[in-house]
Amino acid sequence: MSGVIKMAAEIRSGQTSATQVVQAALHRAQQETLGAFLHIQDNAALKQAAHIDSLIAQGEDPGPLAGVPIAIKDNIAQAGEPLGCASRMLQDYTAPTSATAVQRLMDAGAVPIGRTNMDEFGMGSSGENSAIGPTQNPWDPQRVPGGSSSGSAAAVAADLVPAALGSDTGGSVRQPAALCGIVGLKPTYGRISRSGLVAFGSSVDQIGPMTKTVRDAALLLQIMAGPDPLDSTSLTQPAQDWLSACDQRTSSLKIGLPRQCWTQAGPLEDLVRETLAQTGLSLVPLDIPSLTMAIPTYYLLTSAEAASNLSRFDGVRYGHRAEADSLSDLYTRSRSEGLGPEVQRRILLGSFALSEGYAEDHYQRADAVRDQMRQELNAALQSVDALAMPTSPSTAFAMGERVADPVAMYLSDVFTTPPSLTGLPAISVPAGCLEGLPVGLQLVGRMHDEATILALGAAVEQTQR
Amino acid sequence: MAKVGQETVRHIARLAQLELSEERLSQFTEELDAILGHMASISDFQTAPDVSDAGPAPRRRPDAAEPADQDHLIQAPTAQSEVTVPQVKDAS
């Protein structure tokens, strides 16, 4: 299947029509057996495709994404479509408005064809925490696709759509991208508006594109980015021409390899290191001590934020409403019936981290470490242009392997959480295969410098051709 | 860091408005204890006393009244001029 840029060019030039392309994507989505899609929106998609075709027929500009079918993670709103977060809590909820990111893609001609599966409310690293059912990895259906943007990653990897939106709180775009062999970009915090993204960890959440190529991710980024009055944390800088950034020369750039991320000395690290070496870039080992604290810091802070954010799902303000005789029972039963085990576990962890007598040793401590991590990473990025490490410590693991061990599951995020905690942009690009399964390489850039990691990502991509 | 027992988890669940079966309480207690055990290393990690970097501050919009978006009412059980909701307060 063509990538985003080529597909849009073919539709714009009349080689094919938006309707034909979207019909084919809808057919593939209806036939898929991976559990990637939760809902397929035939009517709305075909209507939008017909609109694109009529614009082209009238000689009007249909936009840079003319007629390109895309998939949207089930926690990012599209007006009139289900917004369920793969949770029983929101199984009957319909989005009243569209997320800014979705609206900007549609204004550029993209055609959303459906809602993709995910770990419930974005909490998970395998796709197994969906209340609807797990998603399978297209490379091996006995293995997980990663999470939490499991359905979006699987849909792109299986060529159901050329691009999908995910959301990334601690690696939920990059880690499934790595495990499914595609590109996943988490921009600088605030680069893409969070308006219309169901909140999990508000100080960390970012929407990001998942595509087959770095250039496709750059194009989607430049369409979605830019200030938004509906999100007070969106950056004030306008979008840049990140597509051109992919063509920047990278030969003079220096890449830092934090020793704390290269400790396993196994075939996965060897493969990522060899791929980096093929780029001819200058590689510089360095120390960033706070990276060893990434998992405790991330899980304490984001669970605390989740405990607060998810208090709105009480059966009255939002969500599933249980039968109850009193108001207090109504809240408790609605939440207990509507929220799955991992979500409840994180709410308990977050409530504990914030509670009187424990907050100083947990939440406040994690907040101090986060400040230090931000300072250490920014200092390291003064001496090098970007940092590199494996995206995930392993390839796609077997279904069920880590379900009963939350700590083992949380450790899947060890390399993706530091850029999340510190707001830095990061991208995962394919770096080859190990025993038939894809491996991802993560590049972390300076604040607001998506251009450099996109250029480096394109250089890594060249080594894979 | 403190070891977590069933009474603590029961108390936290009540604060979080979650109802746990005895089986789930036992499972969550064991898991939270393991998770917090793994996180205990954060207590010993040395941070510089002068580090204070809260990151970028959010911008504020002008506090101005705007017309309400009627689309939001599509979630209401019945919505015309009024919205009807089930009784949620005790009859007594």
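Residue numbers begin at 1 in each chain, while the letters A, B, ... track the order of the sequences.
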Worksheet item: After noting the C-alpha distance and the side-chain angles of A/Asp329 and B/Glu19, does the key distance pass the side-chain contact (heavy atoms from CB on, under 4.5 Å) rule?
Response: CA-CA 9 Å; A/Asp329 281 353; B/Glu19 187 176 48; 5.9 Å; no
Practice prompt. I would like to know whether A/Leu411 and B/His38 meet side-chain contact (heavy atoms from CB on, under 4.5 Å); could you show each step before the answer?
Written response: CA-CA 10 Å; A/Leu411 288 170; B/His38 179 78; 3.7 Å; yes
Discussion item. Checking B/Leu36 against A/Leu349 for the side-chain contact (heavy atoms from CB on, under 4.5 Å) test, could you report, in this order, the C-alpha distance in whole Å, the side-chain angles of both residues, the deciding distance, and whether it holds?
Written reply: CA-CA 8 Å; B/Leu36 287 164; A/Leu349 176 60; 3.8 Å; yes
Practice prompt. Could you walk me through whether A/Arg345 and B/Gln27 pass side-chain contact (heavy atoms from CB on, under 4.5 Å), step by step?
Written response: CA-CA 10 Å; A/Arg345 195 180 289 120; B/Gln27 178 200 337; 3.5 Å; yes
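Listed for the A/Arg335 side chain is a donor-acceptor partner under 3.5 Å among the backbone atoms of B/Ala16.
Distance check, rounded to the nearest 0.5 Å: CE of B/Met39 to OG of A/Ser303 gives 6.5 Å. Annotation: the span from B/Glu31 atom CD to A/Glu342 atom CD amounts to 8.0 Å, rounded to 0.5 Å. Rounding to the nearest 0.5 Å gives a distance of 9.5 Å between OG of B/Ser43 and CE of A/Met293. For the atom pair CG of B/Leu15 and CG of A/Leu348, the computed distance is 10.0 Å after rounding to the nearest 0.5 Å.
Using a 4.5 Å cut-off between heavy atoms, B/Phe45 touches chain A through backbone and side chain atoms alike. If you measure heavy-atom distances from A/Tyr318 to chain B, you find no contacts under 4.5 Å at all. Contact annotation for A/Ala95: only backbone heavy atoms (N, CA, C, O) come within less than 4.5 Å of a heavy atom of chain B. Looking at A/Thr297, both its backbone and its side chain come within 4.5 Å of chain B, counting heavy atoms on both sides. For B/Arg24, the part lying near chain A is the side chain, with the backbone staying farther off; criterion is any non-hydrogen pair under 4.5 Å. Only the side chain of A/Thr97 comes within contact range of chain B, with at least one heavy atom under 4.5 Å from a heavy atom of that chain. Within the 4.5 angstrom heavy-atom criterion, atoms from both the backbone and the side chain of A/Thr94 approach chain B.
Between chain B and the residues A/Gly80, A/Gly423, A/Ser290, the most heavy-atom pairs under 4.5 angstrom are made by A/Ser290. Interface summary for chain B: among A/Ser311, A/Ser203, A/Gly315, A/Ser336, the most heavy-atom pairs under 4.5 angstrom belong to A/Ser336.
More than 12 heavy-atom neighbours from other residues, nucleotides or ligands sit within 6.0 angstrom of CD on A/Gln237.
You'll find the side chain of B/His11 stays beyond 4.5 Å of the side chain of A/Ser355, heavy atoms only.
The shortest heavy-atom contact between A/Gln372 and B/Thr47 is OE1-CA, 3.1 Å. Of all heavy-atom pairs between A/Leu339 and B/Leu18, the closest is CD1-CD2, 4.4 Å. Across every non-hydrogen atom of B/Ile42 and A/Arg365, the tightest pair is O-NE, 2.9 Å. Closest heavy-atom contact between B/Ile12 and A/Phe352: CD1-CA, 3.8 Å.
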